[in-house]
There are 2 protein chains.
Amino acid sequence: MKLSTKGRYGLRAIIDLALNSENGNAVCIQSISERQNISESYLEQLVRKLRTEGLVKSVRGAGGGYELARPAEKISVGDVLRALEGSIEAVSCGDDEGCCDQADLCVTRLVWDRVNKAIEGAVDTVTIAQLVEESRKKQCMGKVDTKSCAN
Amino acid sequence: MKLSTKGRYGLRAIIDLALNSENGNAVCIQSISERQNISESYLEQLVRKLRTEGLVKSVRGAGGGYELARPAEKISVGDVLRALEGSIEAVSCGDDEGCCDQADLCVTRLVWDRVNKAIEGAVDTVTIAQLVEESRKKQCMGKVDTKSCAN
DNA sequence: TTAAACTTGACAAAAATAGTAGGATATGAT
DNA sequence: ATCATATCCTACTATTTTTGTCAAGTTTAA
(Lines give C-alpha, C1' and ligand atoms only; values in the text may rest on other atoms or scores of the structure.)
Protein backbone atom coordinates (compact mmCIF):
# COMPACT_ATOMS: atom_id res chain seq x y z
CA MET A 1 0.00 0.00 0.00
CA LYS A 2 1.91 2.94 -1.31
CA LEU A 3 0.95 6.42 -2.21
CA SER A 4 1.95 6.96 -5.85
CA THR A 5 4.22 9.70 -7.11
CA LYS A 6 1.12 11.59 -8.18
CA GLY A 7 0.24 12.33 -4.60
CA ARG A 8 3.80 12.70 -3.38
CA TYR A 9 4.99 14.99 -6.16
CA GLY A 10 1.69 16.82 -6.21
CA LEU A 11 1.90 17.77 -2.57
CA ARG A 12 5.44 19.04 -3.03
CA ALA A 13 4.29 21.00 -6.05
CA ILE A 14 1.42 22.76 -4.33
CA ILE A 15 3.56 23.62 -1.32
CA ASP A 16 6.17 25.03 -3.67
CA LEU A 17 3.43 26.95 -5.42
CA ALA A 18 2.13 28.40 -2.18
CA LEU A 19 5.63 29.33 -1.05
CA ASN A 20 6.53 31.10 -4.25
CA SER A 21 3.33 32.95 -5.14
CA GLU A 22 2.85 35.00 -2.02
CA ASN A 23 3.18 38.37 -3.69
CA GLY A 24 0.36 37.64 -6.08
CA ASN A 25 2.47 36.46 -8.96
CA ALA A 26 1.73 33.26 -10.81
CA VAL A 27 4.29 30.45 -10.60
CA CYS A 28 5.19 28.63 -13.79
CA ILE A 29 5.62 24.89 -14.18
CA GLN A 30 9.21 25.24 -15.24
CA SER A 31 10.29 26.94 -12.03
CA ILE A 32 8.55 24.34 -9.89
CA SER A 33 10.13 21.67 -12.02
CA GLU A 34 13.61 23.06 -11.40
CA ARG A 35 13.17 23.58 -7.68
CA GLN A 36 11.53 20.22 -7.10
CA ASN A 37 13.41 18.21 -9.68
CA ILE A 38 10.30 16.79 -11.31
CA SER A 39 9.99 16.69 -15.11
CA GLU A 40 7.98 19.52 -16.63
CA SER A 41 5.73 17.20 -18.62
CA TYR A 42 4.78 15.08 -15.69
CA LEU A 43 4.31 18.06 -13.41
CA GLU A 44 2.05 19.64 -15.98
CA GLN A 45 -0.18 16.60 -15.83
CA LEU A 46 -0.42 16.82 -12.06
CA VAL A 47 -0.99 20.56 -11.84
CA ARG A 48 -3.62 20.33 -14.55
CA LYS A 49 -5.47 17.86 -12.40
CA LEU A 50 -5.21 20.20 -9.46
CA ARG A 51 -6.77 22.86 -11.65
CA THR A 52 -9.71 20.79 -12.88
CA GLU A 53 -10.33 19.84 -9.26
CA GLY A 54 -10.47 23.50 -8.34
CA LEU A 55 -7.43 23.72 -6.08
CA VAL A 56 -5.29 25.99 -8.25
CA LYS A 57 -6.10 28.35 -11.09
CA SER A 58 -4.07 29.09 -14.17
CA VAL A 59 -2.92 32.29 -15.79
CA ARG A 60 -2.29 31.63 -19.45
CA GLY A 61 0.13 33.33 -21.79
CA ALA A 62 3.55 34.80 -21.28
CA GLY A 63 4.33 35.56 -17.67
CA GLY A 64 1.55 33.22 -16.67
CA GLY A 65 1.57 30.21 -14.45
CA TYR A 66 -0.48 28.93 -11.54
CA GLU A 67 -1.66 30.21 -8.21
CA LEU A 68 -3.79 28.78 -5.43
CA ALA A 69 -7.50 28.97 -6.12
CA ARG A 70 -8.19 29.75 -2.47
CA PRO A 71 -6.17 30.63 0.64
CA ALA A 72 -3.67 27.99 1.73
CA GLU A 73 -5.53 27.76 5.04
CA LYS A 74 -8.52 26.43 3.14
CA ILE A 75 -6.65 23.66 1.33
CA SER A 76 -5.96 20.47 3.23
CA VAL A 77 -3.48 17.79 2.34
CA GLY A 78 -6.50 15.53 1.94
CA ASP A 79 -7.91 17.83 -0.72
CA VAL A 80 -4.69 17.57 -2.68
CA LEU A 81 -4.35 13.81 -2.38
CA ARG A 82 -7.96 13.15 -3.26
CA ALA A 83 -7.66 15.42 -6.29
CA LEU A 84 -4.64 13.53 -7.56
CA GLU A 85 -5.22 9.98 -6.42
CA GLY A 86 -8.96 9.91 -6.92
CA SER A 87 -9.52 8.28 -3.57
CA ILE A 88 -7.29 7.85 -0.58
CA GLU A 89 -9.17 4.88 0.79
CA ALA A 90 -7.02 1.85 1.50
CA VAL A 91 -9.92 -0.42 0.65
CA SER A 92 -13.05 0.75 -1.08
CA CYS A 93 -16.12 -1.10 0.09
CA GLY A 94 -18.30 0.73 -2.40
CA ASP A 95 -22.01 0.10 -2.30
CA ASP A 96 -22.00 -0.20 -6.03
CA GLU A 97 -22.37 -3.12 -8.37
CA GLY A 98 -23.30 -5.87 -5.99
CA CYS A 99 -19.92 -5.69 -4.27
CA CYS A 100 -20.38 -6.63 -0.68
CA ASP A 101 -23.95 -7.86 -0.82
CA GLN A 102 -23.24 -9.24 2.60
CA ALA A 103 -21.93 -5.88 3.75
CA ASP A 104 -23.65 -6.05 7.09
CA LEU A 105 -22.21 -9.50 7.65
CA CYS A 106 -18.69 -8.69 6.58
CA VAL A 107 -16.25 -8.27 9.45
CA THR A 108 -13.26 -7.21 7.41
CA ARG A 109 -15.27 -4.16 6.51
CA LEU A 110 -15.01 -3.06 10.13
CA VAL A 111 -11.26 -2.98 9.70
CA TRP A 112 -11.25 -1.18 6.39
CA ASP A 113 -13.63 1.49 7.60
CA ARG A 114 -11.35 2.02 10.56
CA VAL A 115 -8.27 2.33 8.40
CA ASN A 116 -9.94 4.65 5.93
CA LYS A 117 -11.15 6.93 8.69
CA ALA A 118 -7.69 7.01 10.26
CA ILE A 119 -6.11 8.06 7.00
CA GLU A 120 -8.69 10.72 6.34
CA GLY A 121 -8.30 12.06 9.84
CA ALA A 122 -4.58 12.35 9.30
CA VAL A 123 -4.69 14.18 5.98
CA ASP A 124 -7.73 16.35 6.49
CA THR A 125 -6.36 18.04 9.57
CA VAL A 126 -3.22 19.41 7.98
CA THR A 127 -3.44 22.43 5.72
CA ILE A 128 -1.07 23.66 3.07
CA ALA A 129 -0.73 26.86 5.12
CA GLN A 130 0.64 24.90 8.06
CA LEU A 131 3.17 23.16 5.85
CA VAL A 132 4.21 26.42 4.24
CA GLU A 133 4.77 27.96 7.64
CA GLU A 134 6.71 24.94 8.78
CA SER A 135 8.72 25.10 5.60
CA ARG A 136 9.58 28.74 6.20
CA LYS A 137 10.83 27.88 9.63
CA LYS A 138 12.99 25.16 8.24
CA GLN A 139 13.98 27.16 5.20
CA CYS A 140 13.51 24.01 3.23
CA MET A 141 11.53 24.05 0.05
CA GLY A 142 12.37 26.54 -2.62
CA LYS A 143 15.45 27.60 -0.72
CA VAL A 144 17.43 24.54 0.08
CA ASP A 145 18.14 21.97 -2.59
CA THR A 146 15.63 19.16 -2.30
CA LYS A 147 16.73 17.21 -5.32
CA SER A 148 17.68 14.24 -3.23
CA CYS A 149 14.21 13.82 -1.77
CA ALA A 150 12.20 11.08 -3.41
CA ASN A 151 8.99 12.03 -1.66
CA MET B 1 -3.44 4.11 -2.58
CA LYS B 2 -5.04 0.71 -2.38
CA LEU B 3 -4.39 -2.31 -0.30
CA SER B 4 -3.75 -5.21 -2.68
CA THR B 5 -5.63 -8.49 -2.72
CA LYS B 6 -2.75 -10.01 -0.81
CA GLY B 7 -3.75 -8.13 2.31
CA ARG B 8 -7.47 -8.28 1.71
CA TYR B 9 -7.65 -11.98 0.88
CA GLY B 10 -5.05 -12.79 3.50
CA LEU B 11 -7.05 -11.23 6.29
CA ARG B 12 -10.14 -13.11 5.20
CA ALA B 13 -8.13 -16.30 5.08
CA ILE B 14 -6.70 -15.99 8.56
CA ILE B 15 -10.09 -15.12 10.03
CA ASP B 16 -11.55 -18.16 8.28
CA LEU B 17 -8.69 -20.22 9.65
CA ALA B 18 -9.28 -18.99 13.17
CA LEU B 19 -13.00 -19.61 12.90
CA ASN B 20 -12.64 -23.15 11.61
CA SER B 21 -9.77 -24.50 13.67
CA GLU B 22 -11.11 -23.95 17.15
CA ASN B 23 -11.26 -27.59 18.11
CA GLY B 24 -7.58 -28.04 17.44
CA ASN B 25 -7.90 -29.42 13.94
CA ALA B 26 -5.86 -28.07 11.08
CA VAL B 27 -7.68 -26.32 8.27
CA CYS B 28 -6.73 -27.17 4.70
CA ILE B 29 -6.28 -24.69 1.90
CA GLN B 30 -9.00 -26.27 -0.17
CA SER B 31 -11.67 -25.68 2.43
CA ILE B 32 -10.68 -22.05 2.89
CA SER B 33 -10.61 -21.70 -0.86
CA GLU B 34 -14.17 -22.95 -1.15
CA ARG B 35 -15.58 -20.90 1.69
CA GLN B 36 -13.82 -17.71 0.65
CA ASN B 37 -13.95 -18.19 -3.09
CA ILE B 38 -10.23 -17.58 -3.60
CA SER B 39 -8.23 -19.87 -5.89
CA GLU B 40 -6.28 -22.59 -4.14
CA SER B 41 -3.01 -21.73 -5.84
CA TYR B 42 -3.15 -18.09 -4.93
CA LEU B 43 -4.30 -18.79 -1.41
CA GLU B 44 -1.44 -21.21 -1.00
CA GLN B 45 0.98 -18.42 -1.81
CA LEU B 46 -0.57 -16.14 0.78
CA VAL B 47 -0.78 -18.71 3.54
CA ARG B 48 2.80 -19.73 2.83
CA LYS B 49 3.84 -16.16 3.48
CA LEU B 50 1.88 -16.13 6.71
CA ARG B 51 3.77 -19.24 7.72
CA THR B 52 7.24 -17.92 6.94
CA GLU B 53 6.32 -14.81 8.90
CA GLY B 54 5.38 -16.97 11.85
CA LEU B 55 1.66 -16.24 12.05
CA VAL B 56 0.40 -19.71 11.18
CA LYS B 57 1.96 -23.15 11.26
CA SER B 58 1.43 -26.04 8.93
CA VAL B 59 0.58 -29.64 9.62
CA ARG B 60 1.89 -31.73 6.78
CA GLY B 61 0.61 -34.97 5.39
CA ALA B 62 -2.85 -36.38 4.98
CA GLY B 63 -5.42 -34.69 7.17
CA GLY B 64 -3.04 -31.80 7.59
CA GLY B 65 -3.53 -28.12 6.98
CA TYR B 66 -2.85 -24.91 8.83
CA GLU B 67 -3.55 -23.50 12.24
CA LEU B 68 -2.72 -20.29 14.03
CA ALA B 69 0.83 -20.19 15.40
CA ARG B 70 -0.34 -18.34 18.49
CA PRO B 71 -3.68 -17.40 20.08
CA ALA B 72 -5.90 -15.18 17.97
CA GLU B 73 -5.76 -12.56 20.71
CA LYS B 74 -2.04 -12.23 20.04
CA ILE B 75 -2.36 -11.64 16.31
CA SER B 76 -3.27 -8.16 15.17
CA VAL B 77 -4.57 -7.14 11.77
CA GLY B 78 -1.36 -5.16 11.44
CA ASP B 79 0.69 -8.34 11.88
CA VAL B 80 -1.20 -9.96 9.03
CA LEU B 81 -0.99 -7.00 6.68
CA ARG B 82 2.69 -6.41 7.34
CA ALA B 83 3.40 -10.09 6.74
CA LEU B 84 1.68 -10.03 3.38
CA GLU B 85 2.29 -6.53 2.11
CA GLY B 86 5.80 -6.12 3.44
CA SER B 87 5.06 -2.69 4.79
CA ILE B 88 1.82 -0.87 5.36
CA GLU B 89 3.36 2.57 5.20
CA ALA B 90 1.69 4.90 2.74
CA VAL B 91 5.02 6.58 2.08
CA SER B 92 8.35 5.15 3.15
CA CYS B 93 10.82 7.84 4.10
CA GLY B 94 13.54 5.29 4.65
CA ASP B 95 16.83 6.50 6.04
CA ASP B 96 18.60 4.32 3.53
CA GLU B 97 20.50 5.08 0.40
CA GLY B 98 20.69 8.82 0.51
CA CYS B 99 16.94 9.16 0.20
CA CYS B 100 15.89 12.27 2.01
CA ASP B 101 19.28 13.72 2.76
CA GLN B 102 17.37 16.80 3.73
CA ALA B 103 15.08 14.78 5.95
CA ASP B 104 15.13 17.32 8.74
CA LEU B 105 14.23 20.05 6.26
CA CYS B 106 11.47 18.13 4.49
CA VAL B 107 7.98 19.21 5.47
CA THR B 108 6.10 16.58 3.51
CA ARG B 109 7.71 14.07 5.80
CA LEU B 110 5.65 15.50 8.65
CA VAL B 111 2.56 14.50 6.72
CA TRP B 112 3.73 11.05 5.77
CA ASP B 113 4.79 10.24 9.33
CA ARG B 114 1.36 11.32 10.48
CA VAL B 115 -0.40 9.16 7.92
CA ASN B 116 1.76 6.15 8.61
CA LYS B 117 1.15 6.41 12.33
CA ALA B 118 -2.58 6.73 11.79
CA ILE B 119 -2.67 3.58 9.70
CA GLU B 120 -0.59 1.63 12.15
CA GLY B 121 -2.74 2.77 15.02
CA ALA B 122 -5.80 1.55 13.17
CA VAL B 123 -4.53 -1.91 12.30
CA ASP B 124 -2.49 -2.68 15.40
CA THR B 125 -5.39 -2.21 17.78
CA VAL B 126 -7.64 -4.83 16.23
CA THR B 127 -6.94 -8.50 16.82
CA ILE B 128 -8.04 -11.54 14.88
CA ALA B 129 -9.81 -12.70 18.04
CA GLN B 130 -12.00 -9.60 18.01
CA LEU B 131 -12.92 -10.15 14.40
CA VAL B 132 -13.65 -13.80 14.98
CA GLU B 133 -15.95 -12.92 17.83
CA GLU B 134 -17.65 -10.27 15.75
CA SER B 135 -17.99 -12.77 12.96
CA ARG B 136 -19.64 -15.28 15.25
CA LYS B 137 -22.15 -12.67 16.27
CA LYS B 138 -22.92 -11.90 12.68
CA GLN B 139 -22.76 -15.52 11.62
CA CYS B 140 -20.94 -14.29 8.59
CA MET B 141 -17.77 -15.99 7.53
CA GLY B 142 -17.73 -19.69 7.04
CA LYS B 143 -21.46 -19.83 7.50
CA VAL B 144 -23.01 -17.38 5.13
CA ASP B 145 -21.96 -17.30 1.52
CA THR B 146 -19.37 -14.57 1.06
CA LYS B 147 -18.61 -15.17 -2.57
CA SER B 148 -19.93 -11.81 -3.58
CA CYS B 149 -17.49 -9.93 -1.36
CA ALA B 150 -14.47 -8.55 -3.19
CA ASN B 151 -12.68 -7.59 -0.02
C1' DT C 1 1.84 -47.94 -0.24
C1' DT C 2 -1.01 -44.56 -1.42
C1' DA C 3 -3.41 -40.51 -1.46
C1' DA C 4 -3.99 -36.11 0.68
C1' DA C 5 -1.83 -32.15 1.60
C1' DC C 6 1.92 -29.04 1.81
C1' DT C 7 6.33 -26.85 -0.78
C1' DT C 8 8.68 -24.52 -4.14
C1' DG C 9 10.01 -22.12 -8.20
C1' DA C 10 9.06 -20.53 -12.64
C1' DC C 11 6.09 -18.36 -15.55
C1' DA C 12 2.54 -15.07 -17.56
C1' DA C 13 -1.47 -12.10 -18.42
C1' DA C 14 -3.40 -7.80 -16.98
C1' DA C 15 -3.49 -3.55 -14.73
C1' DA C 16 -1.43 0.43 -12.79
C1' DT C 17 2.34 3.57 -12.60
C1' DA C 18 5.42 6.82 -14.30
C1' DG C 19 6.52 9.15 -17.36
C1' DT C 20 7.35 11.27 -22.86
C1' DA C 21 6.34 13.58 -27.09
C1' DG C 22 4.30 16.83 -29.87
C1' DG C 23 1.27 20.08 -31.16
C1' DA C 24 -2.55 23.60 -30.23
C1' DT C 25 -3.89 27.67 -27.88
C1' DA C 26 -3.59 32.00 -25.27
C1' DT C 27 -1.35 36.34 -24.01
C1' DG C 28 2.00 39.80 -22.46
C1' DA C 29 5.93 42.24 -24.23
C1' DT C 30 8.64 44.23 -28.06
C1' DA D 1 1.96 42.24 -35.85
C1' DT D 2 4.77 38.80 -34.16
C1' DC D 3 7.41 36.55 -31.05
C1' DA D 4 8.49 34.44 -26.81
C1' DT D 5 6.46 32.26 -23.03
C1' DA D 6 3.33 29.69 -20.91
C1' DT D 7 -0.68 26.77 -20.38
C1' DC D 8 -3.58 23.06 -22.51
C1' DC D 9 -4.53 18.55 -24.41
C1' DT D 10 -4.16 13.95 -26.48
C1' DA D 11 -1.89 10.05 -27.31
C1' DC D 12 1.67 6.93 -26.69
C1' DT D 13 5.12 3.87 -24.29
C1' DA D 14 8.19 1.59 -21.03
C1' DT D 15 8.40 -0.32 -16.54
C1' DT D 16 6.69 -2.25 -12.49
C1' DT D 17 3.31 -4.41 -9.69
C1' DT D 18 -0.45 -7.19 -9.17
C1' DT D 19 -2.78 -11.26 -9.63
C1' DG D 20 -2.67 -15.09 -10.41
C1' DT D 21 -1.41 -20.22 -12.88
C1' DC D 22 1.21 -24.45 -13.50
C1' DA D 23 3.97 -28.30 -12.80
C1' DA D 24 6.95 -31.02 -10.26
C1' DG D 25 8.31 -32.37 -5.90
C1' DT D 26 8.10 -33.59 -0.62
C1' DT D 27 5.97 -35.15 3.61
C1' DT D 28 3.13 -37.97 6.30
C1' DA D 29 -1.37 -40.15 8.12
C1' DA D 30 -4.07 -43.95 7.24
Side-chain angles (χ1 to χ4, degrees), chain A residues 1-13 17 20-21 24-34 36-53 55-67 69 81 84-92 150-151, chain B residues 1-10 12-13 17 20-21 24-34 36-53 55-67 69 81 84-88 90-92 150-151:
Chain A
M1 190 169 61
K2 270 236 162 40
L3 203 68
S4 73
T5 56
K6 286 204 222 55
R8 306 206 308 273
Y9 292 1
L11 182 59
R12 274 166 61 198
L17 193 57
N20 295 96
S21 69
N25 60 317
V27 180
C28 70
I29 292 286
Q30 195 191 16
S31 72
I32 301 178
S33 163
E34 282 167 4
Q36 300 297 328
N37 199 38
I38 302 171
S39 89
E40 279 186 61
S41 318
Y42 195 41
L43 204 48
E44 205 174 78
Q45 221 178 85
L46 304 180
V47 178
R48 188 163 69 232
K49 199 83 185 286
L50 291 177
R51 187 183 60 79
T52 61
E53 297 292 326
L55 297 182
V56 304
K57 55 189 175 186
S58 65
V59 179
R60 301 191 64 166
Y66 292 92
E67 50 195 37
L81 297 184
L84 294 168
E85 303 267 337
S87 160
I88 51 176
E89 292 187 317
V91 178
S92 304
N151 300 314
Chain B
M1 189 169 60
K2 270 239 165 32
L3 203 70
S4 73
T5 57
K6 285 206 221 53
R8 304 207 309 273
Y9 292 2
R12 274 166 62 197
L17 193 57
N20 296 95
S21 71
N25 60 318
V27 180
C28 71
I29 292 284
Q30 195 191 15
S31 71
I32 302 179
S33 163
E34 282 168 4
Q36 301 297 327
N37 198 38
I38 301 171
S39 89
E40 276 186 62
S41 316
Y42 194 41
L43 203 49
E44 211 172 74
Q45 218 178 89
L46 303 180
V47 178
R48 185 161 77 228
K49 200 80 184 289
L50 290 177
R51 189 184 60 79
T52 61
E53 297 292 328
L55 297 182
V56 303
K57 56 188 175 187
S58 64
V59 180
R60 303 190 63 163
Y66 292 92
E67 49 195 38
L81 297 184
L84 294 168
E85 303 267 339
S87 160
I88 52 175
V91 178
S92 305
N151 301 314

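Every heavy atom of this structure was used, including side-chain atoms; hydrogens, water molecules and symmetry mates were not. Convention: sequence-line order gives letters A, B, ...; per-chain numbering from 1.
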**Student:** Using a cut-off of strictly less than 4.0 Å, decide whether Ser4(A) has a side-chain nitrogen or oxygen near OP1 or OP2 of dA16(C).
**Tutor:** no
**Student:** Lys6(B) NZ to dT16(D) C1': how many Å, rounded?
**Tutor:** 12 Å
**Student:** Between P on dA18(C) and CG on Leu84(A), what's the gap in Å once rounded to a whole number?
**Tutor:**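 Distance, rounded to whole Å: 12 Å.
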**Student:** Grab the two heavy atoms, one from Cys28(A) and one from Gly64(A), that are nearest each other, plus how far apart they are.
**Tutor:** CB-O, 3.9 Å
**Student:** Is any side-chain nitrogen or oxygen of Arg51(A) closer than 4.0 Å to OP1 or OP2 of dC9(D)?
**Tutor:**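 Looking at the OP1 and OP2 atoms of dC9(D), one of them is under 4.0 Å from a side-chain N or O of Arg51(A).
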**Student:** Would you say Thr5(A) and Tyr42(A) make side-chain contact, with heavy atoms under 4.5 Å?
**Tutor:** yes
**Student:** With a 3.5 Å cut-off and just heavy-atom distances, do the side chain of Arg60(B) and the base of dT26(D) make a donor-acceptor pair?
**Tutor:** yes
**Student:** Quick check on DNA chain D: between Met1(A) and Thr52(A), whose nearest nucleotide comes earlier from the 5' end?
**Tutor:** Thr52(A)
**Student:** Given the structure, check if the side chain of Gln45(A) and the base of dT20(C) hold any donor-acceptor pair shorter than 3.5 Å.
**Tutor:** yes
**Student:** Could you state the CG-C1' distance from Asn25(B) to dA29(D), rounded to the nearest angstrom?
**Tutor:** 15 Å
**Student:** Between dA5(C) and Ser58(B), is there an OP1 or OP2 to side-chain N/O distance shorter than 4.0 Å?
**Tutor:**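 No, Ser58(B) has no side-chain N/O under 4.0 Å of OP1/OP2 on dA5(C).
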**Student:** Ile29(A) and side chain to side chain contact (heavy atoms under 4.5 Å, CB included): which partner among Leu43(A), Leu17(A), Leu46(A)?
**Tutor:** Leu43(A)
**Student:** Of the options dA6(D), dA5(C), dA29(D), whose atoms approach the side-chain atoms of Ala62(B) most closely?
**Tutor:** dA29(D)
**Student:** Where the side chain of Gln30(B) is defined as all heavy atoms beyond and including C-beta, which of dG20(D), dA5(C), dA18(C) is the nearest nucleotide?
**Tutor:** dA5(C)
**Student:** Given atom OH of Tyr66(B) and atom P of dT28(D), what is their separation to the nearest angstrom?
**Tutor:**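 Taking OH of Tyr66(B) and P of dT28(D), I get 14 Å after rounding.
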**Student:** Verify the contact: side-chain N or O of Tyr42(A) to OP1 or OP2 of dT17(C), cut-off strictly under 4.0 Å; return yes or no.
**Tutor:**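 No, outside the criterion.
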**Student:** Whole Å only: how far is the CD atom of Glu85(B) from the P atom of dT18(D)?
**Tutor:**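 About 7 Å, once rounded to whole Å.
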**Student:** Distance criterion of 3.5 Å, no angle test: do you see the side chain of Glu44(B) paired donor-to-acceptor with the base of dC6(C)?
**Tutor:** no
**Student:** Counting just side-chain N and O atoms, does Tyr9(A) come under 4.0 Å of either OP1 or OP2 of dT17(C)?
**Tutor:** no
**Student:** Round to the nearest Å and state the distance from Arg48(A) atom CZ to dA6(D) atom P.
**Tutor:** 18 Å
**Student:** So which atom in Val27(B) and which in Asn20(B) form the shortest heavy-atom distance, rounded to 0.1 Å?
**Tutor:**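 Here Val27(B) and Asn20(B) meet closest at CG2-O, 3.4 Å.
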**Student:** Can you give me the closest heavy-atom contact between Ser33(A) and Ser39(A), atom names plus distance?
**Tutor:**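 Minimum heavy-atom separation between Ser33(A) and Ser39(A): OG-C, 4.1 Å.
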**Student:** Whether Ser39(A) contacts dA18(C) is assessed here as follows: a side-chain N or O lying under 4.0 Å from the phosphate OP1 or OP2. Is that the case?
**Tutor:** no
**Student:** Taking atom P of dT19(D) as reference, at what distance in whole Å does atom CZ of Arg8(B) sit?
**Tutor:**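 Going from Arg8(B) (CZ) to dT19(D) (P), I get 7 Å.
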**Student:** Grab the CD-P distance between Glu67(A) and dT7(D) for me, whole Å please.
**Tutor:**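 Rounded to the whole Å, the gap is 12 Å.
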**Student:** Decide yes or no on side chain to side chain contact (heavy atoms under 4.5 Å, CB included) for Arg51(B) and Tyr66(B), but give the supporting numbers first.
**Tutor:** CA-CA 9 Å; Arg51(B) 189 184 60 79; Tyr66(B) 292 92; 4.3 Å; yes
**Student:** Ignoring backbone atoms, test whether Ser41(B) places a side-chain nitrogen or oxygen under 4.0 Å from the OP1 or OP2 oxygen of dG20(D).
**Tutor:** no
